[in-house]
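In what follows, a structure is listed as structure tokens, so that the remarks can point back to it.
Computation of the quantities below employed the complete heavy-atom set of this structure, encompassing side-chain atoms and omitting hydrogens, waters and symmetry-equivalent molecules.
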Amino acid sequence: MHKKLIFTVLFGASLVLSANIATAQETETYESLMKKGNDKYGAKDYISAKTYYEMALKQKANDPTAKQKLSETVKKIQEDGARQEVFYAHLDEGDRLNGQERYEEALAEYEAALAVFPNDKYVTAQAESIRAILKERKDKQDAFDLAMSQGEVLLEEENFDAAIMQFEAAIAIFPTDKLPKEKLADAKQKKQLYAEKVARFDKLMEEANQQGLRKNYDAAIAKIDEALTLFPNDLTASAKRTEFQAAKGTADRYNSIIAEADRLYEAKAYREAKAQYQNALAVVSGDAYATDMIARLDPLIAQQDAEEAARLAAEAEAARLAAEAEAARIAAEEEAARLAAEAEAARLAAEAEAARIAAEEEAARIAAEQEAARLAAEEAARIAAEEEAARLAAEAEAARIAAEEEAARQAAIAAAEAERQATIKAMLDEADGLFNQKEYAQAKTKYQEVVAFDEGNATATAKIKEIDGIFAQMAAELQQHFDNAMSAGNQAMSAEKFAEAITHYQSALAYKPEDPTAIAQLAAAEKAESDRIAALRVQYNAFIKEGDANFKSNTFDKAIEAYTKAEELGLESYPTEMIARISEIIEQNKLYELNSEPTMLAAGEAKRFDFNKIDIAVRRSNYVIIKVRNPHPDKTFPMIVSFGGAGGKNGGFVLPIAATEEEKTFIFRIGSLYKWFSEDNTWIELVSENNEVEISKVEVSRSN
């Protein structure tokens with residue numbers, strides 16, 4: 001548009017001028033035309049000069065002077081046209097860049113255009129407009145750059161809260177800028193990692209306490225040792241570890257006695273077991289388990305004593321019956337021998353009588369023989385009768401003995417069966433007790449002992465089947481827990497949350513202690529965590545070295561930053577002590593207490609604090625301490641801190657007000673700013689952008 005307007009004006013002027021010159025040509029001389037041409041040339045009105053020189057040549061054709069001047073003028077016109085092309089090229093490019101809000105580049109183009117035509121009003125106005133915009137932006141850009149640079153330093157030093165405050169302040173200045181948002185997300189993520197470390201420590205301590213309550217002291221100590229790898233100097237954890245070590249000694253003695261007592265109990269040495277449980281009570285007074293076992297043993301001991309008495313009585317009765325049977329047998333044998341002797345004597349007497357009769361009465365042999373035969377038959381009948389009587393007596397005695405033996409055998413069988421049933425009941429009661437206590441493996445063993453003792457016992461068989469079902473369910477649940485723990489551990493490893501991964505892998509091994517994958521993953525996680533802790537130690541030492549060096553040079557703000565980073569690693573109390581020491585030094589060296597009462601600063605309100613100029617000899621060591629509280633913790637915003645003197649503002653910096661109602665203390669080494677050192681500053685001014693803020697302290701101090 002401007003190019004077209006300018007050319008139109010130039011072209012119109014040329015036409016008018018040419019018409020006027022043509023009218024004057026009739027009366028003007030060569031000399032006057034040359035003079036006017038030279039005047040216009042001298043005034044850099046080359047178009048008018050060209051017209052006068054051409055008219056002079058018409059008065060004096062081929063005049064070398066006029067021709068020379070005309071040639072020089074045409075050259076100037078050509079050069080001026082080239083300058084215009086350059087001018088308009090810069091002007092158009094400046095307008096394009098200005099429309100895209102690329103102000104620095106646009107200003108460079110406008111300045112290049114002004115180098116061609118320094119007095120062009122449009123370009124001058126555009127350039128001034130951009131300079132005003134850039135000046136307005138520079139203050140914000142300076143504040144933005146300061147916030148970003150401080151945020152970068154704080155993030156690199158792992159001072160996450162302070163870094164977050166700086167990046168939030170930068171976002172508040174330029175809300176659409178992606179970089180501070182990315183840095184803010186990075187700072188929050190790193191802060192979260194530290195918070196997870198604290199949470200991991202607390203979780204380990206809670207698990208240790210739970211293990212301690214269960215008297216699993218080895219596990220409790222292991223948990224505390226793991227917690228101490230995170231925070232080695234934690235006094236609570238160290239004291240707890242000492243407490244558990246002492247308790248472990250007592251528990252080991254107790255467990256050793258209980259193990260022996262349980263072994264004797266399993267072996268049914270009830271009296272000896274009771275003595276051991278009583279010994280356990282001497283170690284752990286009032287122990288419920290030992291007390292319960294003693295109560296359980298008393299009826300078992302009484303039952304065992306009763307069974308022993310019954311056994312001895314049965315043995316005595318069997319011995320008595322055996323003695324009576326033996327006496328009856330001997331008597332029967334003696335009676336049989338007597339009868340046999342009498343029978344033999346009778347037989348011999350009969351033979352002797354027969355011989356006598358035969359000798360005396362041969363004549364009556366036949367009669368005698370008949371008589372002898374009769375007598376022999378009678379004798380035989382008598383003997384047979386006696387033998388039958390003896391046999392019947394013997395059979396009667398044998399029947400009596402057999403009856404007594406059968407009665408004794410039936411009594412023994414009944415006693416044995418009663419004892420067997422009592423044993424089965426005792427075994428079932430013991431198995432049921434273990435089952436009710438959910439000691440399923442031991443219960444199953446006891447039920448199997450019942451089945452082995454009483455083949456096909458329905459109760460024990462049903463219980464074994466029930467336990468197998470429970471074991472199957474437990475195995476499935478165990479595998480699920482294992483898989484879940486391994487998955488969580490692997491996810492934590494992928495996220496480089498090694499302490500969390502260790503916990504998950506340990507949980508997995510609690511379900512499957514011999515699993516090689518879990519063992520390998522745990523070792524990898526422990527090594528990674530160990531490497532991370534070692535890296536933290538390297539960082540800690542570097543921060544302490546940096547903090548000590550800055551402390552010695554009285555650069556307290558950088559010392560505090562370094563000590564704060566070291567403090568956040570949680571390895572020792574030294575950085576905390578040094579921060580407190582620096583705060584005390586700064587407070588002791590206070591120069592001006594500009595504000596000591598809570599003062600509410602409205603959004604956009606400027607609050608100025610005046611003071612006398614500070615001796616230049618101590619300005620380089622000056623600090624400004626400002627305490628602020630955000631009454632609207634849902635908002636973050638910057639607070640501009642400016643300083644100056646009688647001549648106006650000399651400099652400033654930005655404080656990022658975080659989205660928290662907690663009071664924050666800012667310590668800024670203002671002496672590091674050149675304008676604070678070089679100028680006689682007599683005021684500090686606070687301006688809170690976009691939100692009100694409470695100011696409770698404003699001080700100027702020095703390091704020494």
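Listed by first and then second residue, the salt bridge (charged side-chain N to carboxylate O under 4.0 Å, His left out) pairs involving residues 554-563 are Asp557-Arg669 (not counting sequence neighbours).
A parallel orientation is assigned to the rings of Tyr623 and Phe556, their planes being inclined by less than 30° (bins at 30° and 60°). Between Phe201 and Phe231, the two ring planes are perpendicular [angle over 60°; tilted spans 30° to 60°]. Ring geometry for Tyr511 versus His481: interplanar angle under 30°, hence parallel rather than tilted (30 to 60°).
Cation-pi check for Lys444 over Phe471 is not met; the charged atom does not lie both under 6.0 angstrom from the ring centroid and within 45 degrees of its normal. Cation-pi geometry between Lys183 and Phe167 is not satisfied (NZ or CZ under 6.0 Å from the ring centre, within 45° of the ring normal).
Using a 4.0 Å cut-off between charged nitrogen and carboxylate oxygen, Lys607 and Glu605 do not count as a salt-bridge pair. The pair Glu572-Arg537 counts as a salt bridge, with a side-chain nitrogen and a carboxylate oxygen less than 4.0 angstrom apart. Ion pair Asp432/Lys446 not flagged as a salt bridge, since none of the NZ, NE, NH1 or NH2 atoms sits closer than 4.0 Å to an Asp/Glu carboxylate oxygen.
For the residue pair Ser696 and Glu663, a side-chain donor N or O sits within less than 3.5 Å of a side-chain acceptor on the partner. A side-chain donor-acceptor contact under 3.5 Å links Gln150 and Gln166. Side-chain atoms of Glu685 and Ser642 include no donor-acceptor pair closer than 3.5 Å.
Applying the salt bridge (Lys or Arg N to Asp or Glu O under 4.0 Å) test to Glu496 and every residue at least two apart in sequence or in another chain returns nothing.
Under the 6.0 Å cut-off for aromatic ring centres, Phe668 and Phe653 qualify, their centroids lying closer than that.
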Start with the C-alpha gap between Lys203 and Glu196, add the side-chain angles, then the distance that decides, and say whether salt bridge (charged side-chain N to carboxylate O under 4.0 Å, His left out) holds.
CA-CA 10 Å; Lys203 184 173 183 293; Glu196 289 173 357; over 6 Å; no

